[in-house]
Engineer: 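Just dropping this structure here.
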Amino acid sequence: MTYVEVNNLAKSFGETHVFADISFSIAKGEFITLLGPSGCGKSTLLRCLAGLNSVDDGCIRVEGQDITDMPPQQRGIGMVFQSYALFPNMTAKENIAFGLKIKGESKESIESKVSEAIAMVELQGREDHLIDELSGGQRQRVALARALVTRPRILFLDEPLSALDAKIRKRLRYMIRQIQKELGLTTIFVTHDQEEAMVMSDRIFLMNKGKIVQSGSLAEVYTRPADEFVAGFMGNYNIVDESLSQQLFGLDGQHKSAVRPEAIFINEVPAGAACLAQSVAGKITFKQLLGNVMRYSVLTPQKEFNVDVLNAQGQQYAEGDEVQLYFAQSEINELRAENAS
């Protein structure tokens with residue numbers, strides 16, 4: 001059932017058009033990620049949904065209620081920013097309680113809700129510290145607790161992890177997702193980081209130049225890119241031009257195609273894999289260890305392909321080795337033109 005409904009939303013700043021004709025719906029309890037490169041309009045879209053920016057056209061509804069022109073404080077939202085936006089002269093506990101005090105809740109209610117929020121974000125023992133006495137990860141947990149303590153009907157997260165180091169980011173990704181699932185909280189998350197989107201989202205809305213160019217589950221967006229931009233942004237796809245797509249894969253010659261590096265096999269086809277009958281001869285020009293994956297660059301007469309192989313015991317290839325490439329038939333993706341509807 002639709003919980004958030006956005007219809008034909010548009011926003012400009014003067015002569016600069018940020019986005020237009022944005023429409024989508026979100027079910028209650030979904031975790032949605034607005035993903036895209038810097039400048040694509042994702043943060044502005046989030047701010048419009050939150051009421052921090054006005055819209056030029058369109059409608060926003062939550063639970064059937066039109067909130068398009070409603071002030072932010074009346075929308076029932078919680079918001080977490082990259083910059084934390086905390087009061088440095090207050091303790092962690094006082095920051096978390098601030099919204100409840102503004103709402104005029106009783107002291108007993110505030111104490112109970114703040115204690116629950118502190119436990120939820122695992123800040124026990126740090127609640128009486130001033131903000132400057134906390135690490136970046138702890139400050140972001142204070143900001144998250146402050147957003148959650150008011151029991152919002154929607155949680156907005158605007159690149160909240162981008163200023164943190166990799167280890168802390170991974171920890172907070174897991175924490176945010178677990179809390180969101182536990183509370184069944186409808187959440188919209190903004191990031192430019194594909195990995196974050198992949199590990200956290202129920203659905204991804206991928207944006208480019210003010211448009212949602214593809215939306216769907218991780219599997220849908222990652223394994224079935226709609227166009228060359230999506231293929232380039234979501235993974236390390238091999239992009240094959242129109243004529244070569246026709247020659248190698250039997251496509252109509254009107255569109256480019258994309259093949260994931262892990263959908264190409266070297267010298268032998270794994271059991272159960274259905275590959276095109278035609279293989280392609282090539283030479284390994286480069287190899288790179290990427291953790292549990294070995295990436296080979298294979299130069300063929302037509303083009304150079306990247307091939308990813310699980311880094312396990314077994315066949316290893318050296319630069320200069322002559323090999324045959326086999327392509328998984330079901331993993332060849334025909335791409336539409338980027339501006340096609």
Side-chain angles (χ1 to χ4, degrees), residues 1-7 9 22-36 42-43 45-52 58-68 70 72-82 96 99-100 103 112-114 116-122 140-141 143-161 169-191 193-207 212 214-223:
M1 183 176 178
T2 297
Y3 188 70
V4 178
E5 185 176 6
V6 175
N7 290 310
L9 218 60
I22 295 284
S23 297
F24 57 83
S25 61
I26 301 172
K28 185 174 176 59
E30 269 198 296
F31 194 114
I32 299 297
T33 295
L34 300 177
L35 174 66
K42 58 188 185 296
S43 286
L45 175 56
L46 189 77
R47 293 178 65 85
C48 288
L49 298 177
L52 300 176
C59 180
I60 307 165
R61 289 186 175 88
V62 178
E63 297 183 280
Q65 179 187 21
D66 188 341
I67 67 166
T68 311
M70 187 179 288
Q73 63 271 21
Q74 296 178 16
R75 297 190 181 205
I77 63 169
M79 190 147 185
V80 181
F81 301 92
Q82 175 184 345
I96 296 167
L100 298 176
K103 291 172 68 176
S112 174
K113 290 180 179 179
V114 169
E116 182 182 354
I118 287 170
M120 195 176 295
V121 300
E122 300 177 6
Q140 198 56 285
R141 280 188 276 162
L144 178 60
R146 184 182 59 182
L148 294 172
V149 77
T150 58
R151 313 281 173 86
R153 55 181 179 172
I154 309 172
L155 179 63
F156 292 128
L157 303 164
D158 190 5
E159 305 225 34
L161 308 180
R169 288 178 75 163
K170 288 182 179 179
R171 171 71 184 124
L172 286 183
R173 284 176 197 165
Y174 177 79
M175 177 179 287
I176 290 169
R177 186 58 162 140
Q178 289 302 109
I179 291 172
Q180 183 268 336
K181 287 182 176 180
E182 181 181 331
L183 299 179
L185 185 57
T186 307
T187 301
I188 304 177
F189 178 74
V190 164
T191 186
D193 187 302
Q194 300 93 321
E195 183 180 342
E196 267 179 12
M198 289 179 183
V199 301
M200 297 181 74
S201 313
D202 292 315
R203 283 192 295 154
I204 293 170
F205 294 176
L206 182 56
M207 295 187 67
I212 296 175
Q214 189 170 355
S215 63
S217 68
L218 166 61
E220 291 167 340
V221 177
Y222 179 67
T223 64

Engineer: Rounded to the nearest 0.5 Å, what's the gap from CD1 on Ile188 to CG on Leu157? Could you check?
Structural biologist: 9.5 Å

Engineer: Just by distance, do the side chain of Arg203 and the backbone of Phe31 share a donor-acceptor pair under 3.5 Å?
Structural biologist: no

Engineer: Are Arg151 and Lys113 close enough that some pair of their side-chain heavy atoms sits under 4.5 Å apart?
Structural biologist: yes

Engineer: With rounding to the nearest 0.5 angstrom, report the CZ to CG distance, Arg177 to Leu172.
Structural biologist: 15.5 Å

Engineer: Restricting to non-hydrogen atoms, name the atom on Ala197 and the atom on Thr33 that form the minimum distance, rounded to 0.1 Å.
Structural biologist: CB-CG2, 3.8 Å

Engineer: Grab the two heavy atoms, one from Cys59 and one from Asp66, that are nearest each other, plus how far apart they are.
Structural biologist: SG-OD2, 3.7 Å

Engineer: Taking the side chain from Gln178 and the backbone from Met175, do they hold a donor-acceptor pair closer than 3.5 Å?
Structural biologist: no

Engineer: Any side-chain heavy-atom pair from Met1 and Lys28 closer than 4.5 angstrom?
Structural biologist: no

Engineer: Can you find a pair of side-chain heavy atoms, one from Ile32 and one from Thr187, that are under 4.5 Å apart?
Structural biologist: no

Engineer: Without swapping roles, check the side chain of Thr2 against the backbone of Ser25 for a donor-acceptor pair under 3.5 Å.
Structural biologist: no

Engineer: Can you tell me if Lys42 uses its side chain to pair, donor with acceptor, with the backbone of Gly36 under 3.5 Å?
Structural biologist: yes

Engineer: Report the C-alpha distance between Leu161 and Arg173 in whole Å, list the side-chain angles of each, state the deciding distance to 0.1 Å, and finish with yes or no for side chain to side chain contact (heavy atoms under 4.5 Å, CB included).
Structural biologist: CA-CA 8 Å; Leu161 308 180; Arg173 284 176 197 165; 3.7 Å; yes

Engineer: Apply side chain to side chain contact (heavy atoms under 4.5 Å, CB included) to residues Met70 and Gln65 and explain how you reach the verdict.
Structural biologist: CA-CA 10 Å; Met70 187 179 288; Gln65 179 187 21; 3.2 Å; yes

Engineer: Does Met200 form a side chain to side chain contact (heavy atoms under 4.5 Å, CB included) with Tyr174? I'd like the steps, not just the answer.
Structural biologist: CA-CA 8 Å; Met200 297 181 74; Tyr174 177 79; over 6 Å; no

Engineer: Please answer whether the main-chain N or O of Phe24 pairs with a side-chain N or O of Glu5 as donor and acceptor at a distance below 3.5 Å.
Structural biologist: no

Engineer: Ile179 versus Leu144: any side-chain heavy-atom pair under 4.5 Å?
Structural biologist: yes

Engineer: Under a 4.5 Å cut-off applied to non-hydrogen side-chain atoms, are Glu30 and Gln180 in contact?
Structural biologist: no

Engineer: May I have the step-by-step check of side chain to side chain contact (heavy atoms under 4.5 Å, CB included) for Lys170 and Glu196, ending in yes or no?
Structural biologist: CA-CA 9 Å; Lys170 288 182 179 179; Glu196 267 179 12; over 6 Å; no

Engineer: Are any of the side-chain heavy atoms of Ile26 and Tyr3 separated by less than 4.5 Å?
Structural biologist: no

Engineer: Can you check whether Leu155 reaches Met79 side chain to side chain, under 4.5 Å on heavy atoms?
Structural biologist: no

Engineer: Between CD1 of Ile204 and CE of Met198, what distance do you get to the nearest 0.5 Å?
Structural biologist: 6.5 Å

Engineer: Is it the case that Thr191 and Glu159 place a side-chain donor and acceptor less than 3.5 Å from each other?
Structural biologist: no

Engineer: CG of Leu9 to OG1 of Thr68: how many Å apart, nearest 0.5 Å?
Structural biologist: 7.5 Å

Engineer: Rounded to the nearest 0.5 Å, how far apart are CG of Leu185 and CD1 of Ile154?
Structural biologist: 9.0 Å

Engineer: Which atom names give the shortest non-hydrogen contact between Pro160 and Val80, and what distance separates them?
Structural biologist: CB-CG1, 3.9 Å

Engineer: Taking Val6's backbone N and O only, do any of them form a donor-acceptor pair with Arg61's side chain (distance below 3.5 Å, no angle check)?
Structural biologist: no

Engineer: Closer than 3.5 angstrom, by distance alone: can the side chain of Asp158 be matched with the main-chain N or O of Phe81 as a donor-acceptor pair?
Structural biologist: no

Engineer: Is there a side-chain contact between Leu49 and Phe156 in this structure, where contact means two heavy atoms from C-beta onward sitting under 4.5 Å apart?
Structural biologist: yes

Engineer: With a 4.0 Å cut-off, would you call Glu63 and Arg153 a salt bridge?
Structural biologist: yes

Engineer: Can you name the nearest heavy-atom pair linking Ala145 to Ile96, along with the distance?
Structural biologist: CB-CD1, 3.7 Å

Engineer: Going from CG on Leu45 to CZ on Arg47, what distance comes out if it is rounded to the nearest 0.5 angstrom?
Structural biologist: 12.0 Å

Engineer: Identify the heavy atoms of Pro152 and Leu148 that sit nearest to each other, and give their distance.
Structural biologist: CD-O, 3.6 Å

Engineer: Arg141 side chain to Val121 main-chain N or O, any donor-acceptor pair under 3.5 Å?
Structural biologist: yes

Engineer: Check Arg169 with Asp193, please: is the shortest side-chain N to carboxylate O separation under 4.0 Å?
Structural biologist: yes

Engineer: To check you understand the geometry: which heavy-atom pair defines the closest contact between Pro72 and Gly51, and what is its length?
Structural biologist: CG-O, 3.3 Å

